[in-house]
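These notes are about the structure you will find just below.
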Amino acid sequence: MNLRLPLGALLCFSACFDQCLEGGSGGTGGGEEQPSFDAEYDLVEATGEWSITGTSTTSSCVSSTTAGKTSFTLTTPQERAAEFTARSGYFTANAQVPLVLVPGTGTATCNAMQRSCPSNPGTPQDVPGFFLITAGEPGPTSLGELGEDPPDGLAFFPTLSEPILPRLCDGTSYDAPRVFRRGRPITVAQLKSGRFVVEASGTAPLGPKAGAPGDAVTPVTGTLTYTFRFVYQTKDYDPSKAVEAPQLPSFDECLTTPATSIDALDDAALAYADGGTELPLDALGCRRITVARAGGGETLTHELTAGTKLVYDATTGTTRAERDLFTLYRRVDDATGLRETFDSNADGFDEESVDSVYSGGTWQSTTAKYFDQGMTTPHRTVTVTRVDATTMQVRVEAAGRVEDEFVTSIEERACFDSTSMTDPACRPAATGPCTGGKMKCTPMQKRDMRTALKDALAKGNECMTKAGYDGFQPSGKGLTLLATDKLNLICSNNPCDDFGSFKSEKNADGTHDFMINLARGTGVGLQSTLFHEMLHSDPSFKHNDPMVEMSAKACKLHLADRTYACEAMCFAPKVGGACACERCLNPSKSEPKKEICDKCKDFGACPGRPGVRSDGKMGEMSQGIAAWCDRQKILCDTKAECDSACTVGGGCQQIKTVCDDTCN
């Protein structure tokens with residue numbers, strides 16, 4: 001173990017020798033500065049193994065992997081394989097080890113025929129391997145840094161660089177929680193003792209590999225089993241000075257949040273009705289809603305545990321383990337109004353806040369503000385104000401100017417589902433006589449609707465997160481409303497009714513009317529409409545009804561309306577193409593930013609329609625541009641056509657999903 005004087009002390013001896021002998025100038029007490037701890041460690045032992053079993057499913061085959069692993073054993077100790085400098089808080093370690101890669105093997109069942117997977121099994125391979133180990137969690141400044149002069153009781157997760165994981169027998173890619181490369185916590189005191197061990201063992205669930213937005217995903221399930229141990233020590237290590245590793249609890253089972261079941265939602269609703277304050281939404285409590293009641297009001301907080309967080313306590317000089325907890329959605333409801341906040345990506349920063357004002361129990365207005373990371377001034381504001389008992393005014397402002405303003409219905413409707421929005425008529429033809437009405441869903445229908453909405457929220461939220469949407473968190477709010485039974489579910493059996501509707505204004509009992517037409521949608525189509533209606537619970541997703549009707553007739557609904565665009569992007573991606581993705585991610589109707597176009601290009605071309613082009617010839621009409629004249633309720637293919645048709649004083653609003661400022 002080497003002890004070196006800090007650089008500052010060396011400079012002081014060379015530049016101001018007399019002052020240093022006296023303990024420094026300008027102060028009292030003086031005293032010599034303590035030397036910084038600085039050590040290098042040898043790698044004296046290392047073993048490890050990652051093995052998998054799993055299943056991947058395609059349209060024609062189910063492939064089951066029964067064996068496959070990556071393993072290593074250190075054959076020769078390695079000198080100077082790790083170092084730690086207390087003054088800077090820098091820590092890093094590495095290991096060069098021979099890896100043995102055993103290919104995945106198993107069986108594949110294709111069209112009821114079973115065969116070996118793969119057809120020609122490979123043989124184990126010996127390849128060189130290299131691991132870099134850093135203080136990855138927590139790292140106050142960057143990987144490998146623990147902060148200057150970290151205290152002895154500070155614990156951290158030593159984290160391995162990505163190992164070469166074994167492959168499934170059919171070669172399908174997969175994901176797994178990061179826990180498979182993270183060691184158990186070690187402390188600074190262990191580093192200073194001259195010996196530390198990076199080790200862990202356990203299992204992690206396999207899941208599908210996320211691809212580009214719009215890409216088909218191959219379902220994968222299975223288990224990754226892992227164990228590794230790296231032992232580092234200084235040449236002059238004294239075993240009598242050994243320091244034990246801290247024994248801390250773990251919440252890593254929440255790294256992959258268990259799916260919320262309909263039974264968990266029903267149990268939560270019953271517990272809420274009985275006055276419960278802790279409403280778990282899965283068996284492990286990784287997702288939960290807490291309830292605080294006071295003065296006739298209540299606060300609902302939707303929390304998500306994303307693993308284990310280490311917290312150093314300066315008063316005790318020790319580190320404790322806590323849930324790595326995020327608030328996805330908070331809802332404060334009292335007599336004066338409703339206040340909501342959203343953290344869409346669980347980073348601890350609220351990207352959206354919504355304030356709704358009530359007077360005498362009647363909703364008056366709602367203001368939504370959208371924030372960039374770390375900013376306190378919103379980049380966008382949407383204000384919705386009551387006009388009368390059935391209508392409201394929507395006003396959208398950004399960068400100090402009004403972007404959009406229109407009047408719409410308080411109860412917002414879906415005239416289309418995700419597969420019919422390109423039809424040239426506002427309402428697709430009914431398939432039967434226009435009979436039947438709307439009524440409160442039966443208990444069986446209600447359970448079916450809650451199940452379908454739960455699944456729709458999971459699918460839609462995953463889709464919008466994957467595409468890079470930043471703002472409203474539909475799953476956080478939707479599951480909160482389901483768990484507290486705040487949706488007044490209304491069922492219609494009339495094939496001529498709308499697909500669905502959502503009323504933003506609360507009823508006297510605090511619920512929101514949520515209508516779904518069982519005669520017009522089943523399966524994915526039903527989920528699509530349910531997700532559409534949940535989007536309406538946010539002020540950014542409001543229909544300008546006349547524009548919706550005219551854009552539908554022009555087959556440009558995905559271009560003009562953000563709610564339909566997000567619905568199509570998540571539930572019928574090929575129907576809306578890149579246009580639906582770009583409109584969903586871009587809250588403005590202006591030209592999207594290049595990064596949005598880049599995110600959406602994998603969705604494919606926008607759907608087109610034949611028509612008379614500006615040159616007078618028949619051809620494919622662009623679905624990426626349009627222009628809207630609100631005064632005369634006219635939608636045109638180009639702004640030039642709109643300016644000509646909207647004859648009094650101009651006033652055409654350009655609508656674009658094209659990253660080309662010359663295309664208008």
Under a 3.5 Å threshold, yes or no: a donor from one side chain and an acceptor from the other, between [X] and [Y]?
{"X": "His512", "Y": "Asn488", "value": "no"}
{"X": "Asn494", "Y": "Ser492", "value": "no"}
{"X": "Thr367", "Y": "Asp355", "value": "no"}
{"X": "Glu567", "Y": "Ser528", "value": "yes"}
{"X": "Ser261", "Y": "Asp263", "value": "no"}
{"X": "Lys542", "Y": "Ser504", "value": "yes"}
{"X": "Arg287", "Y": "His302", "value": "yes"}
{"X": "Thr451", "Y": "Asp448", "value": "no"}

So do [X] and [Y] have their SG atoms closer than 2.5 Å?
{"X": "Cys642", "Y": "Cys652", "answer": "yes"}
{"X": "Cys491", "Y": "Cys441", "answer": "yes"}
{"X": "Cys629", "Y": "Cys636", "answer": "no"}
{"X": "Cys496", "Y": "Cys434", "answer": "yes"}

| request: Please say whether the positively charged group of Arg380, taken as NZ for Lys or CZ for Arg, lies over the ring of Tyr370, i.e. under 6.0 angstrom from the six-membered ring centre and within 45 degrees of the axis. | output: no
| request: Under the disulfide (SG to SG under 2.5 Å) rule, collect the residues that match up with Cys463, sequence neighbours excluded. | output: Cys570
Is there a donor-acceptor contact under 3.5 Å from the side chain of [X] to the main chain of [Y]?
{"X": "Glu533", "Y": "Phe502", "value": "yes"}
{"X": "Ser409", "Y": "Glu411", "value": "yes"}
{"X": "Asp282", "Y": "Ala259", "value": "no"}
{"X": "Asn517", "Y": "Asp498", "value": "yes"}

| ring-ring contact (aromatic ring centres under 6.0 Å, His included) contacts touching residues 447-471 (sequence neighbours left out) | none
| How would you list, by chain and number, every residue that makes a side-chain contact (heavy atoms from CB on, under 4.5 Å) with Ser590, sequence neighbours excluded? |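 With neighbours one apart ignored, the set is Ser588.
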| query | Going through the distances and angles, do Gln373 and Phe349 end up as a side-chain contact (heavy atoms from CB on, under 4.5 Å)? | reply | CA-CA 7 Å; Gln373 180 69 39; Phe349 177 80; 3.5 Å; yes
| query | Hey, what's the ring geometry for His543 with Tyr564, parallel, tilted or perpendicular (30° and 60° as the breaks)? | reply | parallel
| Counting only heavy atoms not in Lys601, do more than 12 fall under 6.0 Å of its NZ? |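 No, because the 6.0 Å sphere around NZ of Lys601 holds 12 heavy atoms or fewer from other groups.
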| Above 12 or not: heavy atoms from other molecules or residues under 6.0 Å from CD of Glu462? | no
| Using 4.0 Å as the upper bound for N to carboxylate O, is an ion pair formed by Glu340 and Arg330? |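 The answer is no: the pair does not qualify as a salt bridge.
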